[in-house]
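Structure first, then comments.
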Amino acid sequence: MASHRSSPDLKPEQPLLPVALDPGLNHAEAMVFRRHLAAWYLRHARELPWRGVSDAYRTWVSEIMLQQTRVAAVIDHYDRFLRLFPTVVALALAPEADVLAAWSGLGYYRRARMLHKAAQFIVETLNGAIPESSAELRKLPGVGEYTSAAIASIAFGESIAVVDGNVERVLLRVTGRPEEATAAGRAFIQRQAAALVPHKARTPGKNAPGDHNQAMMELGATICLPRAPLCLHCPVFDVCRTRGEHLTPPRAKQRSETVAFLLSTRKKAQGVEVLLEQRDHAASLMAGMYELPPLPLDAVEDREPILRLRHSITNTNYYVEIYAAEGTHDRRLRRAVPASKDVLSWQRVARLHELPLTGLARKVLHRIDVLSVGGLNTPRNIHVAAP
DNA sequence: GAGGCGTGGGC
DNA sequence: TGCCCAAGCCT
């Protein structure tokens with residue numbers, strides 16, 4: 001690196017960096033922040049299934065599930081996933097389709113594939129031991145900056161800051177810095193977060209860094225909310241420079257679209273079956289997963305759906321209509337399905353929970369009571385009146 | 001570095 | 001029924 005001193009006769013082409021304007025917390029503010037946050041977390045931490053467990057595998061699974069996913073959705077899947085795959089070895093040995101089936105409804109299915117791959121890597125090359133440092137964890141597929149820091153601090157007490165969407169929002173509001181999607185903006189947040197993390201605990205049973213990181217996220221998730229922050233309940237109100245007001249860039253626009261799917265069932269000796277379509281293995285979206293056969297809208301113009309619901313995928317709000325074809329009687333609707341025969345198959349409803357269903361298919365089949373939660377019940381009442 | 005990848009809650 | 005997002009990662 002060259003010297004930063006410039007010769008006096010050299011005219012600077014750009015103004016000097018506005019170092020004096022760096023709005024980070026000073027040392028005293030950081031101390032107050034950390035102490036108040038810790039006290040608050042002790043009293044207000046939610047009881048969540050993955051809290052208070054001392055099993056790095058479980059921490060890892062929970063953190064992968066929590067990526068861009070709401071706590072409530074994770075709670076719905078976490079216990080069942082761990083019953084099916086209680087150890088990293090069990091996960092590594094399972095067929096990928098089983099892992100996807102257990103993930104059905106959580107979204108971002110690549111996470112499940114990468115989790116599965118990482119488990120196989122751990123078993124085959126690391127003797128089944130989950131790496132204990134953030135640097136080593138970072139090498140696993142599906143484990144990035146956030147997740148490596150989260151697992152290392154929560155499961156192993158490493159003193160490293162996690163920065164997720166919650167932490168970023170909290171730190172932007174506390175410091176008053178406007179949100180900007182630039183390297184400088186991210187570096188600022190990273191510096192602030194790092195300055196707040198406690199040292200690794202020496203007392204056995206204590207985990208100051210892990211608790212602090214979870215407290216930061218908990219604050220963002222329950223108090224420092226995106227829309228209407230609950231500032232009067234905030235433990236760091238005293239040191240907050242904005243108290244809820246901060247600048248954010250405009251968000252991407254949303255689209256809306258109407259789509260239709262076919263619900264076709266038949267009765268066999270072994271039980272009721274439903275017609276499903278398997279998505280292309282090369283599809284970018286939900287590759288290889290099963291869904292109800294899509295119908296062209298012009299094939300259903302004169303009909304009434306048995307079910308309407310909303311389903312959003314990334315930037316698109318889908319208004320979904322489900323049309324029923326009973327047994328083999330309704331051939332016209334059945335023939336309107338554009339899919340080729342080799343991607344269509346009849347699946348026994350009693351075994352649907354073993355299939356990697358898309359979230360929408362799962363939701364529809366559940367809604368009309370073909371598939372109950374967990375897939376344990378036998379089907380009943382397939383004919384449902386339109387709402 | 002931008003864009004792709006799912007879903008459901010809430011107003 | 002429109003819109004905003006939530007404990008990110010990979011390419």
Side-chain angles (χ1 to χ4, degrees), chain A residues 45-46 48-51 59-78 100 103-115 117-118 137-151 153-154 161-170 179-186 193 210 212-222 224-228 248-258 279 283-287 289 291 308-321 356-364 366-367 387:
Chain A
R46 291 169 293 180
L48 300 172
W50 48 91
R51 292 235 166 110
T59 303
W60 174 37
V61 169
S62 74
E63 287 302 336
I64 300 295
M65 286 188 173
L66 284 162
Q67 289 169 4
Q68 296 285 283
T69 305
R70 291 178 188 283
V71 164
V74 175
I75 288 175
D76 288 343
H77 288 80
Y78 178 78
L100 284 172
W103 205 268
S104 170
L106 269 178
Y108 288 130
Y109 297 98
R110 195 173 51 179
R111 291 183 297 175
R113 299 181 212 273
M114 289 189 294
L115 182 68
K117 286 267 184 295
L137 286 160
R138 181 71 179 77
K139 298 176 182 170
L140 299 175
V143 177
E145 283 303 313
Y146 162 79
T147 307
S148 58
I151 300 172
S153 65
I154 295 170
V162 308
V163 177
D164 72 338
N166 285 313
V167 174
E168 182 182 6
R169 184 174 60 257
V170 166
E179 180 175 342
E180 45 168 351
T182 63
R186 281 189 296 278
H212 170 84
N213 284 334
Q214 293 188 81
M216 289 288 286
M217 296 188 280
E218 191 88 348
L219 186 66
T222 65
C224 198
L225 304 170
R227 290 290 186 80
T248 58
R251 308 294 172 189
K253 284 242 315 201
Q254 200 92 6
R255 294 187 306 123
S256 289
E257 196 177 323
T258 300
R279 297 174 60 83
S284 67
L285 200 66
M286 299 175 280
M289 300 187 69
E291 61 182 349
R308 293 179 209 272
L309 52 91
R310 190 194 62 145
H311 188 76
S312 41
I313 299 210
T314 60
N315 263 343
T316 307
N317 257 332
Y318 288 100
Y319 291 94
V320 179
E321 301 178 343
L357 298 173
T358 66
L360 175 57
R362 190 169 172 275
K363 189 156 69 177
V364 169
H366 179 228
R367 195 76 68 87

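So you know, we letter chains A, B, ... as the sequences are listed, proteins then strands, and number each from 1. No hydrogens, no waters, no symmetry mates; every other heavy atom, side chains included, goes into these values. Values in this document were obtained by computation on a predicted structure and should not be read as measured data.
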Which part of the nucleic acid does [X] contact within heavy-atom distance under 4.0 Å: base, sugar-phosphate only, or nothing?
X	answer
A:Gln214	nothing
A:Arg186	sugar-phosphate
A:Val143	sugar-phosphate
A:Leu115	nothing
A:Arg279	nothing
A:Trp103	nothing
A:Met114	sugar-phosphate

Please enumerate all residues that pass side chain to side chain donor-acceptor pair (under 3.5 Å) together with [X], with sequence neighbours excluded.
X	result
A:Arg46	A:Glu218
A:Thr358	none
A:Tyr146	A:Glu63

Sorted by chain and number, sequence neighbours left out, side chain to side chain contact (heavy atoms under 4.5 Å, CB included) with A:His212 holds for A:Arg34, A:Leu37, A:Leu196, A:Val197, A:Pro198, A:Met216
For A:Glu321, enumerate each residue passing the side chain to side chain contact (heavy atoms under 4.5 Å, CB included) test, keeping only those at least two apart in sequence or located in another chain. A:Thr258, A:Pro305, A:Arg308, A:Tyr323
Let me know the distance between [atom1] of [X] and [atom2] of [N], rounded to the nearest Å.
X	N	atom1	atom2	answer
A:Arg138	C:dG8	CZ	C1'	11 Å
A:Leu309	C:dT1	CG	P	12 Å
A:Leu137	C:dC9	CG	P	12 Å

By nearest-nucleotide position on DNA chain C, the 5'-leaning member of A:Glu63 and A:Pro141 is A:Glu63
Tell me, for nucleotides 6-11 of chain B in 5' to 3' order, what letter each nucleotide earns: B for a base near a protein heavy atom under 4.0 Å, S for only sugar-phosphate near one, - for neither? BBBBB-
P gap between C:dC3 and B:dG6, integer Å: 23 Å
Whole-angstrom distance between C:dC9 and B:dG8, as gauged at atom P: 22 Å
Donor-acceptor check, side chain of A:Thr69 to backbone of A:Gln67, threshold 3.5 angstrom: yes or no? yes
Given side chain to side chain contact (heavy atoms under 4.5 Å, CB included), test A:Leu360 with A:Leu309 step by step and report yes or no. CA-CA 10 Å; A:Leu360 175 57; A:Leu309 52 91; 3.7 Å; yes
Taking only the side-chain nitrogens and oxygens of A:Thr147, find out if one of them lies under 4.0 Å from OP1 or OP2 of C:dC9. yes
